[in-house]
Asks: 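Structure incoming, see below.
Both backbone and side-chain heavy atoms feed into the values below; hydrogens, waters and symmetry mates do not.
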Amino acid sequence: MSNLKKNSSENTQSSNTSSASSISSSLIRDLGKLNLTEERLKRYADEADTLVSRRENELRTKAKSLREKAISKTLSNIKRSMEVDLCFVLDCSGSMGPHIAAAKDCILQVSNYVKHTNPSIKLRVGFCGYRDHYNGLNRLQIFDFNDQYDQFTQYMQNVLPISNDDLPEDVLGGLNAAITQLNWQNSTRVLLHIGDYPPHGRRFTSLEDDKYPDGDPNGLTAESVLEKMQSKNILYFFGKITDYTDKMLEIFRSIIGEFPVFDLVGGDPIVLVDKLIKATSSSITIAVSLTSIIGSNSRDSIYTLQQRKLDMDPNEPNWDILPLQKGTLLWYCIPETLDNLKNSKYFNKSNLFSKSFSFKIASRPFSAGVEKYAYFARDVKSKPAKEMVMKEYLKVGERNNPLEKYLEAVEVSTVAHFLSMKFNLIAERKNISKVNFLNVKLLRCSSIDVRTRYYAIEPRLNAEYKRFNVNTGVITKLRDTLEAFAHFTYEYTEGYLVVCDLQGIELIDEFLLTDPAIHCIDPLRFGGTNFGEKGISELFLANHRCNDICKKLKLRNV
């Protein structure tokens with residue numbers, strides 16, 4: 001027990017503290033057997049699909065070589081993911097005049113916004129307009145992908161709304177034409193569908209005004225069309241105008257999983273253009289983020305995450321019927337100096353703190369990311385009970401010790417927390433919003449089925465959750481303070497690392513963040529989301545644009 005410290009006053013989340021004797025003997029045994037350095041190197045080798053068993057120095061050399069090869073491969077995938085095909089699929093019936101005009105007016109502004117926030121993204125834009133079956137030659141209008149945006153704008157001058165005899169439209173025909181007739185080439189493929197009425201058929205609508213109540217007269221089904229879309233790795237986004245499309249969206253989700261839906265209700269033309277610009281820009285950055293992350297792992301389909309979300313339960317559980325469980329929390333002491341932070345051996349068993357913990361956890365996750373499930377949980381011994389989130393890795397690896405991987409996640413959080421403290425000392429003096437990270441701990445417990453389970457546990461955020469940037473270099477929501485914070489971490493650590501993948505909630509004078517990633521010149525730290533020295537240079541330095549906050553902090557221009 002000599003290498004496991006008793007609960008400290010700092011970083012404590014509840015009054016549910018422990019003495020050394022209350023820590024389970026199995027945890028003491030597990031920690032006693034754990035060689036963090038060796039386990040981590042073996043995992044890095046295992047994640048590169050290579051089994052190695054050597055002395056530590058040889059293992060380090062081999063693991064470093066494998067990590068650098070994996071990083072190079074990932075960066076190539078990321079670079080390809082920055083090449084985007086964007087297709088507007090637009091209902092061009094009589095009621096859609098304002099949205100056709102907005103699509104024409106928005107593309108140049110979208111292009112300029114993307115160029116400003118994400119200069120690495122290269123965009124081609126295409127168009128497929130649809131009406132209805134009895135419109136004959138006017139049923140479809142197609143403009144193939146082109147990177148000359150003035151040509152797109154000029155083409156849209158010829159797209160006019162035409163009134164129809166009933167409310168449902170040839171939605172499936174329009175989607176099918178966009179999927180099969182346009183020349184999709186780039187790695188990231190975005191289909192932004194905008195419409196106010198559903199496809200024909202009783203399956204999609206109870207509207208009596210439907211000339212084709214039995215469905216598409218050409219035999220198209222939602223399954224056949226959307227499966228073609230999936231096979232081409234085209235990501236689907238929808239701009240919603242009326243509630244008439246709700247049933248359609250429900251059916252589409254049952255086939256391809258969750259997808260973003262944007263509010264494009266009409267009204268003021270300027271407001272509508274602004275909404276479409278935001279929806280289009282978000283579609284691009286969300287798709288690039290997903291393609292760059294998923295695309296680097298051939299074991300996952302680009303639709304895996306959306307399908308996984310169908311199994312989630314977003315509702316608060318009934319805490320009264322959930323069983324009380326017990327476990328042990330582990331966390332690291334915050335480093336006192338930059339040298340501590342740079343020293344990987346600082347984050348070893350001798351700097352671990354622990355305490356016992358009583359909790360309840362939901363039976364099903366409420367959300368899922370690329371790497372983890374997230375569950376509602378409660379710290380039941382606190383008065384009042386504290387709302388928590390517990391996160392579980394989807395994959396650890398059969399040959400790996402999960403305790404080591406979760407400790408690595410706590411290490412990343414601890415490093416980010418240390419750097420945010422240093423940032424906030426300056427921010428407070430210069431009237432800059434603070435950047436804080438949630439206090440993350442490792443929870444080890446025996447589940448109801450007696451298996452040992454591990455979770456990362458943190459306080460719950462009760463506000464709109466946003467992803468501001470990604471470790472692949474993509475800025476999804478531009479916030480000058482956060483881009484300056486990333487720059488600060490690079491300069492403060494003397495080029496050793498950059499904290500990125502910033503996500504969480506935005507308050508009036510504070511950002512409260514969780515689940516960061518770190519690019520570090522040492523590729524054997526901070527896990528698979530660390531893209532090493534090349535990640536710093538190619539994904540941060542190459543894309544960062546210094547802003548007024550950088551100047552306030554007197555950071556060197558990069």
Asks: Can any side-chain N or O of Thr514 pair as donor or acceptor with the backbone N or O of Leu438 at less than 3.5 Å?
Replies: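 Here the side-chain-to-backbone pair does not exist.
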Asks: Quick one: which of Phe353, Phe347, Phe418 gives a ring pair (Phe, Tyr, Trp, His ring centres under 6.0 Å) with Tyr332?
Replies: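 Only one of Phe353, Phe347, Phe418 forms a ring pair (Phe, Tyr, Trp, His ring centres under 6.0 Å) with Tyr332, namely Phe347.
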Asks: Quick one: are Thr476 and Ser289 in side-chain contact, heavy atoms under 4.5 Å?
Replies: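 Side chain of Thr476 against side chain of Ser289, heavy atoms only: contact under 4.5 Å found.
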Asks: Could you give the distance from CD1 (Ile505) to CG (Asn462), rounded to the nearest 0.5 Å?
Replies: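 It comes to 8.0 Å.
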Asks: Work out which heavy atom in Leu207 is nearest to a heavy atom in Thr205; give both atom names and the distance.
Replies: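 Looking at all heavy atoms of both residues, the closest pair is N-OG1, 2.9 Å.
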Asks: Could you walk me through whether Tyr130 and His193 satisfy the side chain to side chain contact (heavy atoms under 4.5 Å, CB included) test, starting with their C-alpha distance in whole Å, then the side-chain angles of each, then the deciding distance to 0.1 Å, before giving a yes or no?
Replies: CA-CA 11 Å; Tyr130 65 87; His193 175 199; 3.0 Å; yes
Asks: Does a salt bridge link Glu458 with Lys441, judged by any charged N lying under 4.0 Å from a carboxylate O?
Replies: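 Result for this pair is no, no salt bridge flagged.
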Asks: Under 3.5 Å, side chain of Trp331 to main-chain N/O of Thr414, donor-acceptor pair present?
Replies: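 Looks like no, no N/O pair under 3.5 Å.
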Asks: Are Ile241 and Met96 packed together at the side-chain level, in the sense that at least one heavy-atom pair is separated by less than 4.5 angstrom?
Replies: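 In short, these two side chains touch, coming nearer than 4.5 Å.
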Asks: Working to the nearest 0.5 Å, report the span between CZ of Phe259 and CZ of Arg253.
Replies: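 That separation rounds to 4.5 Å.
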Asks: Are Leu175 and Leu191 packed together at the side-chain level, in the sense that at least one heavy-atom pair is separated by less than 4.5 angstrom?
Replies: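 Yes, at least one pair of side-chain atoms sits under 4.5 Å.
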Asks: What do you reckon, are the aromatic ring centroids of Phe531 and His519 less than 6.0 Å apart?
Replies: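 Aromatic pair counts; centres sit under 6.0 Å.
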Asks: Testing Asn424, Thr489, Ile518 for side chain to side chain contact (heavy atoms under 4.5 Å, CB included) with Leu419, which one passes?
Replies: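 One option only clears the test, and that one is Thr489.
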Asks: Rounded to the nearest 0.5 Å, how far does CG of Leu249 lie from CZ of Phe204?
Replies: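 Phe204 CZ to Leu249 CG: 10.5 Å, rounded to 0.5 Å.
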Asks: Quick one: closest heavy-atom pair of Ala409 and Tyr393, and the distance?
Replies: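 Closest approach of Ala409 to Tyr393, heavy atoms only: CB-OH, 3.4 Å.
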Asks: Looking only at atom types and distance, does a side-chain atom of Asp85 sit under 3.5 Å from a main-chain N or O of Trp184, one as donor and one as acceptor?
Replies: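 Not at all, since once roles are kept as given, no pair shorter than 3.5 Å links the two residues.
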Asks: Would you please classify the geometry between the Phe252 ring and the Tyr236 ring as parallel, tilted or perpendicular, with 30° and 60° separating the classes?
Replies: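 If you compare the ring of Tyr236 with that of Phe252, the planes turn out perpendicular.
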Asks: Using a strict 4.0 Å threshold on nitrogen-to-oxygen distance, state whether Lys79 and Glu538 make a salt bridge.
Replies: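 Salt bridge absent between Lys79 and Glu538.
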Asks: Relative to each other, are the rings of Phe376 and Phe366 parallel, tilted or perpendicular (30° and 60° limits)?
Replies: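 Geometry flag for Phe366 against Phe376: parallel rings.
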Asks: Where the side chain of Asp210 meets the backbone of Gly201, is there a donor-acceptor pair that is under 3.5 Å apart?
Replies: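 Yes; at least one donor-acceptor contact below 3.5 Å.
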Asks: Heavy atoms only: give me the nearest Gly195-Phe238 pair and the separation to one decimal.
Replies: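 Between these two residues, the closest heavy atoms are O-CZ, 3.6 Å.
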Asks: Please determine if Glu464 and Lys477 form a salt bridge, counting it only when a charged side-chain N lies under 4.0 Å from a carboxylate O.
Replies: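 A salt bridge is absent here (no side-chain N lies under 4.0 Å from a carboxylate O).
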Asks: Check whether Asn118 reaches the backbone of Ser120 with its side chain - one donor and one acceptor, N or O, closer than 3.5 Å.
Replies: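 Here the side-chain-to-backbone pair does not exist.
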Asks: Verify, without hydrogens or angle tests, whether Thr285 (side chain) and Ser282 (backbone) share a donor-acceptor contact under 3.5 angstrom.
Replies: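 Between the backbone of Ser282 and the side chain of Thr285 there is a qualifying donor-acceptor contact (under 3.5 Å).
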Asks: If you round to the nearest 0.5 Å, how far is CH2 of Trp319 from CD1 of Ile321?
Replies: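 Rounded to the nearest 0.5 Å, the CD1-CH2 separation comes to 11.0 Å.
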Asks: Closest heavy-atom contact between Ser283 and Leu192?
Replies: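 In terms of heavy atoms, the two residues are closest at OG-CD1, 4.0 Å.
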Asks: For the atom pair CG (Leu513) and CZ (Phe485), what is the distance rounded to the nearest 0.5 Å?
Replies: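 One finds 7.5 Å between CG of Leu513 and CZ of Phe485.
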Asks: So among Lys278, Lys275, Lys240, which one has a salt bridge (Lys or Arg N to Asp or Glu O under 4.0 Å) with Asp263?
Replies: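 The salt bridge (Lys or Arg N to Asp or Glu O under 4.0 Å) with Asp263 is passed solely by Lys275 among Lys278, Lys275, Lys240.
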Asks: Measuring only between side-chain heavy atoms, which start at C-beta, is Asn186 closer than 4.5 Å to Arg80?
Replies: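 Answer no - side chains too far apart.
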Asks: Give the C-alpha distance, both sets of side-chain angles, the deciding distance and a yes or no for side chain to side chain contact (heavy atoms under 4.5 Å, CB included) between Gln185 and Arg124.
Replies: CA-CA 10 Å; Gln185 292 181 350; Arg124 297 195 312 160; 3.6 Å; yes
Asks: Side chain to side chain contact (heavy atoms under 4.5 Å, CB included), that's the test. Do Lys228 and Asn176 meet it? Break it down for me.
Replies: CA-CA 8 Å; Lys228 284 180 200 169; Asn176 188 63; 2.8 Å; yes
Asks: So, the side chain of Glu510 versus the backbone of Asn436: is there a donor-acceptor pair under 3.5 Å, distance only?
Replies: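 No, Glu510 side chain to Asn436 backbone: no donor-acceptor pair under 3.5 Å.
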Asks: Under 3.5 Å, side chain of Tyr406 to main-chain N/O of Tyr454, donor-acceptor pair present?
Replies: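 Checking the backbone N and O of Tyr454 against the side chain of Tyr406, a donor-acceptor pair under 3.5 Å is found.
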Asks: Minimum heavy-atom separation for Ile256 and Met229, please, with both atom names.
Replies: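 Closest pair (atom of Ile256, atom of Met229, distance): CD1-CE, 3.8 Å.
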Asks: Do the side chains of Lys391 and Glu371 get close enough for a salt bridge, i.e. N-O under 4.0 angstrom?
Replies: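 No, Lys391 and Glu371 are not salt-bridged.
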Asks: Would you call Asp379-Lys360 a salt bridge at under 4.0 Å N-O?
Replies: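 No, no charged N to carboxylate O under 4.0 Å.
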Asks: Is it the case that the side chain of Asn318 and the backbone of Asp320 share a donor-acceptor pair, with hydrogens and angles ignored and the cut-off at 3.5 Å?
Replies: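 Side chain of Asn318 to backbone of Asp320, a donor-acceptor pair under 3.5 Å: yes, one is there.
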Asks: Between Glu250 and Lys247, is the closest basic N to carboxylate O distance under 4.0 Å?
Replies: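 Yes.
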Asks: Does either side chain, that of Asn469 or that of Glu483, offer a donor lying less than 3.5 Å from an acceptor on the other one?
Replies: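 Their side chains do contain a donor-acceptor pair, which is all the 3.5 Å distance test asks for.
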Asks: So which heavy atom on Asn543 is nearest to which on Leu539, and how close?
Replies: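 Looks like ND2-O, 3.1 Å.
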Asks: Once rounded to the nearest 0.5 Å, what's the spacing between atom CG of Leu329 and atom SG of Cys445?
Replies: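 Leu329 atom CG to Cys445 atom SG measures 10.0 Å (nearest 0.5 Å).
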Asks: In sequence, state the C-alpha distance, the side-chain angles, and the governing distance for Ile234 and Ile179, and then conclude on side chain to side chain contact (heavy atoms under 4.5 Å, CB included).
Replies: CA-CA 8 Å; Ile234 300 169; Ile179 294 163; 4.2 Å; yes
Asks: Taking the side chain as C-beta and beyond, is there a heavy-atom pair between Lys434 and Asp509 under 4.5 Å?
Replies: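 Answer no - side chains too far apart.
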Asks: Give a yes or no on whether the backbone of Lys232 and the side-chain of Arg189 come within a donor-acceptor separation of less than 3.5 Å.
Replies: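 Judged by distance alone, yes, a pair lies under 3.5 Å.
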Asks: When you check the side-chain N and O atoms of Glu392 and Tyr375, is any donor under 3.5 Å from an acceptor?
Replies: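 Short answer, yes.
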Asks: Using side-chain heavy atoms (C-beta onward) and a distance below 4.5 Å, is Leu407 in contact with Leu442?
Replies: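 Leu407 vs Leu442: side chains touch.
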Asks: Angle between ring planes, Phe511 versus Phe468, binned at 30° and 60°: parallel, tilted or perpendicular?
Replies: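 Ring orientation of Phe511 relative to Phe468: perpendicular.
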Asks: Contact between Val410 and Leu330 at the side-chain level, heavy atoms closer than 4.5 Å - yes or no?
Replies: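 Result no, sub-4.5 Å side-chain heavy-atom pair not found.
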Asks: Kindly indicate whether the side chain of Met312, heavy atoms from C-beta on, has any atom under 4.5 Å from the side chain of Tyr373.
Replies: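 Contact flag for Met312/Tyr373 side chains = yes.
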